[in-house]
Student: 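Input: one structure, supplied below.
Keep in mind it's a predicted model, so treat the numbers as computed, not measured. All ligand and atom numbering here is 1-based and tracks the order in the structure.
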Amino acid sequence: MTNNKIPIRIAGLGYSVPKTVVTNDDLTKLYETSDEWIYTRTGIKERRIVSGNEDAIDLGYKAAQNAMKKSGLKPEDIDCVIAASSAPPQLYPALACHIQARLGIPDFVPSFDLTAACTGLIYSLQVARGLIGAGLYKNILIVASDNNSRLLDWTDRGTSILFGDGAGAMVVEPAQDGIDDVLALDIRADGVIGQYIYMNMPGKNCPLVEQAEIEQNPKIHMAGRDVYKFVVSTLPQYVDKCIEDAGKIPEDIDYLIPHQANQRIIEALQQRLNYSDDKVISNIKYYGNTSAASIPIALVEGVEQGKIKLGCTAILCGFGAGMTWGTAVVRLREGIC
Ligand code: UT7
């Protein structure tokens, strides 16, 4: 879907991360590993994780407040909330309902979660685009917030080194000037390889029937090497195609803002596009993989640090459990974060 009946404007962006920092050296207290091993394989030095009662709702709320402020919209202007979350504190009420209540978004606006793991922000943007494009809603708040640290097995050194917690948010609305900020967007999934990253739900059958074999302390399972191979062999061609669908060539795009999962994957995409380092946004060193939040955190922090000059175009690309993946060429106007 490249052309929308009603063009959309990305009106505001925000993020929030927990204060607590856990370094690679800290992880050596949990299992046999080293800063050198983790940094060489992933590009990660440290990650932020929630402490005490802080959770993905708190992080999402703060990110949403920041995005709302930049958009100039008030809670009463929002008419739909979508939360991209695969690691929420509760399965229901949806994280989106918590955000709606906390922000004081009135008039019983629809609020729902969307599970597309680390591709959640791009999936949500496509859904928001469809809803606005069809004329059903006007001002949509997207919140991408994941609290992976509570779902990890902290004895599994192959998986727990990779993730951190964080949230990002985006406000989208119809573009009054008729200029669509989404030049092209493509979302994909392949459930056949769903076992590459999964998390079971606990539970027991009714005591009157035969019991199922269900993991009672569920945790994130990841076949890291399979994910790595799949992503580097599949994603680059979708990046190429999305740029082509936008009517552009790689040189026309100012920045590559990829999902922050592994520095080596980011570099594979960089090489494919033949981009110099200043065109590629990476902050995985300080946050690890924050799932759906990683793209908006990298984007907004990139602007704060002067790595991204707004009034530009960027290609966003993400991948994650499902397996899901997605790409989007977007216009980033001045003042959105
Ligand atoms: O948004 C989610 C997307 N997920 C991803 O993008 C994951 C992509 N994959 C990766 O980033 C990498 O596969 C990892 C960083 C997770 C793992 O790196 P790897 O090079 O694929 O390592 P491996 O799992 O194949 O393990 C290689 C060796 C093993 O030892 P043996 O069997 O060869 O003796 C592991 O036991 O490294 C060992 N190992 C470790 N050693 C020190 C695994 N984890 C660690 C560790 N510290 N933390």
Student: How far is atom 5 (C) of ligand 1 from its nearest protein heavy atom, and which residue and atom is that?
Tutor: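 Result for atom 5 (C) of ligand 1: Val227 CG1, 3.5 Å.
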
Student: Would you say the ring centroid of Phe230 lies under 6.0 angstrom from that of Trp325?
Tutor: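 Yes, the ring centres sit under 6.0 Å apart.
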
Student: Provide the number and element of each atom of ligand 1 under 4.0 Å from a heavy atom of Thr42.
Tutor: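 The list of qualifying atoms is 15 (C).
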
Student: With a distance cut-off below 6.0 Å to the six-membered ring centre and an angular limit of 45° from the axis, does Arg264 pair with Tyr228 as a cation-pi contact?
Tutor: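 Satisfied, under 6.0 Å and within 45°.
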
Student: For atom 7 (C) of ligand 1, grab the closest protein heavy atom and report residue, atom and distance to one decimal in Å.
Tutor: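 Going atom by atom, the protein heavy atom closest to atom 7 (C) of ligand 1 ends up being Leu162 CD2, 3.6 Å.
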
Student: Which option out of Gly224, Ala261, Gly320 puts a heavy atom nearest to atom 13 (O) of ligand 1?
Tutor: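 Comparing heavy atoms across Gly224, Ala261, Gly320, the nearest one to atom 13 (O) of ligand 1 lies in Gly224.
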
Student: For atom 10 (C) of ligand 1, which candidate among Asn262, Thr159, Asp226 provides the closest heavy atom?
Tutor: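 Ranked by closest heavy atom to atom 10 (C) of ligand 1, first place is Asn262.
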
Student: In terms of residue, atom name and distance, what is the protein heavy atom nearest to atom 1 (O) of ligand 1?
Tutor: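 Going atom by atom, the protein heavy atom closest to atom 1 (O) of ligand 1 ends up being Asn289 ND2, 2.8 Å.
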
Student: Can an N or O of Tyr228 be found at a distance shorter than 3.5 Å from an N or O of ligand 1?
Tutor: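 The answer is no, given that Tyr228 and ligand 1 share no N or O pair closer than 3.5 Å.
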
Student: Looking at Tyr255, is Lys279 sitting on its ring face, NZ or CZ under 6.0 Å from the six-membered ring centre and within 45 degrees of the normal?
Tutor: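 Verdict for Tyr255: no cation-pi partner in Lys279.
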
Student: Return the closest protein heavy atom for atom 20 (O) of ligand 1 as residue, atom name and distance.
Tutor: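 Going by distance alone, atom 20 (O) of ligand 1 is nearest to Arg41 NH1, 2.7 Å.
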
Student: Is atom 15 (C) of ligand 1 less than 4.0 angstrom from at least one protein heavy atom?
Tutor: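 It does: a protein heavy atom is found less than 4.0 Å away from atom 15 (C) of ligand 1.
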
Student: Answer with side chain, backbone, both or neither: which part of Ile265 has a heavy atom less than 4.0 angstrom from an atom of ligand 1?
Tutor: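 Contact part for Ile265 vs ligand 1: side chain (C-beta onward).
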
Student: With a 4.0 Å cut-off, strictly under, does atom 34 (O) of ligand 1 pick up any protein heavy atom?
Tutor: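 For atom 34 (O) of ligand 1 the answer is no, since every protein heavy atom stays at 4.0 Å or beyond.
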
Student: When you measure from the side chain of Asp113 to the backbone of Leu95, do you find a donor-acceptor pair of N or O atoms at a distance under 3.5 Å?
Tutor: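 Here the side-chain-to-backbone pair exists.
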
Student: Restricting to non-hydrogen atoms, name the atom on Ile297 and the atom on Gly166 that form the minimum distance, rounded to 0.1 Å.
Tutor: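 So the two residues come closest at CD1-CA, 4.1 Å.
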
Student: Heavy-atom contacts with Gly158 under 4.0 Å: which atoms of ligand 1 show up? List them by number with element.
Tutor: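 Numbered from 1, ligand 1 contributes 16 (C), 44 (N).
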
Student: Among all the protein's non-hydrogen atoms, which is closest to atom 29 (C) of ligand 1, and how far away is it?
Tutor: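 Closest protein heavy atom to atom 29 (C) of ligand 1: Arg157 NH2, 5.0 Å.
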
Student: Nearest protein heavy atom to atom 31 (P) of ligand 1: under 4.0 Å?
Tutor: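 There is no protein heavy atom less than 4.0 Å from atom 31 (P) of ligand 1.
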
Student: Between Thr33 and ligand 1, which residue portion shows a heavy-atom distance shorter than 4.0 Å: side chain, backbone, both, or neither?
Tutor: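 Both backbone and side chain.
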
Student: Considering heavy atoms of the protein only, find what lies nearest to atom 25 (O) of ligand 1 and give residue, atom and distance to 0.1 Å.
Tutor: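 For this ligand atom, the closest protein heavy atom is Arg225 NE, 3.1 Å.
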
Student: Regarding Asp180 and Arg331, does a basic nitrogen lie under 4.0 Å from an acidic carboxylate oxygen?
Tutor: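 Here Asp180 does not pair with Arg331 in a salt bridge, since their nearest N and O are not under 4.0 Å apart.
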
Student: How many angstroms lie between atom OG of Ser71 and atom CE of Met170, to the nearest 0.5 angstrom?
Tutor: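 The CE atom of Met170 is 12.0 Å from OG of Ser71, to the nearest 0.5 Å.
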
Student: Could you find the nearest protein heavy atom to atom 26 (O) of ligand 1 and give me its residue, atom name and distance?
Tutor: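 Of every protein heavy atom, Trp37 CZ2, 4.5 Å lies nearest to atom 26 (O) of ligand 1.
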
Student: Does ligand 1 have any atom sitting under 4.0 Å from a heavy atom of Tyr31?
Tutor: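 No, Tyr31 has no heavy atom closer than 4.0 Å to ligand 1.
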
Student: With rounding to the nearest 0.5 Å, note down the distance linking OG in Ser160 to CG in Leu151.
Tutor: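 Going from the OG atom of Ser160 to the CG atom of Leu151 covers 12.5 Å.
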
Student: Can you tell whether the side chains of Asp177 and Arg333 come within less than 4.0 Å, N to carboxylate O?
Tutor: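 Looking at Arg333 together with Asp177, the answer is yes, because their closest N to O distance falls below 4.0 Å.
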
Student: Decide whether Asn24 and Arg47 meet the rule of one side-chain donor and one side-chain acceptor closer than 3.5 Å.
Tutor: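 Checked: Asn24/Arg47 side chains pair up, N/O donor to acceptor below 3.5 Å.
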
Student: Please work out whether any backbone atom (N, CA, C, O) or any side-chain heavy atom from C-beta onward of Leu27 is under 4.0 Å from ligand 1, and answer side chain, backbone, both or neither.
Tutor: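 Neither; no heavy atom under 4.0 Å.
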
Student: Can you list the atoms of ligand 1 that are under 4.0 Å from a heavy atom of Ile161?
Tutor: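 Those atoms are 48 (N).
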
Student: Taking atom NZ of Lys219 and atom CG of Leu152, what is their separation to the nearest 0.5 Å?
Tutor: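 Going from the NZ atom of Lys219 to the CG atom of Leu152 covers 11.0 Å.
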
Student: Ignoring hydrogens and angles, state whether a donor on the side chain of Tyr286 or Glu301 is under 3.5 Å from an acceptor on the partner side chain.
Tutor: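 Short answer, no.
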
Student: Which atoms from ligand 1 have a heavy atom of Met222 less than 4.0 Å away?
Tutor: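 With Met222 as reference, the close atoms of ligand 1 come out as 4 (N), 7 (C), 16 (C).
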
Student: Any salt bridge linking Asp240 with Arg272? Criterion: basic side-chain nitrogen under 4.0 Å from a carboxylate oxygen.
Tutor: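 Result for this pair is yes, salt bridge flagged.
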
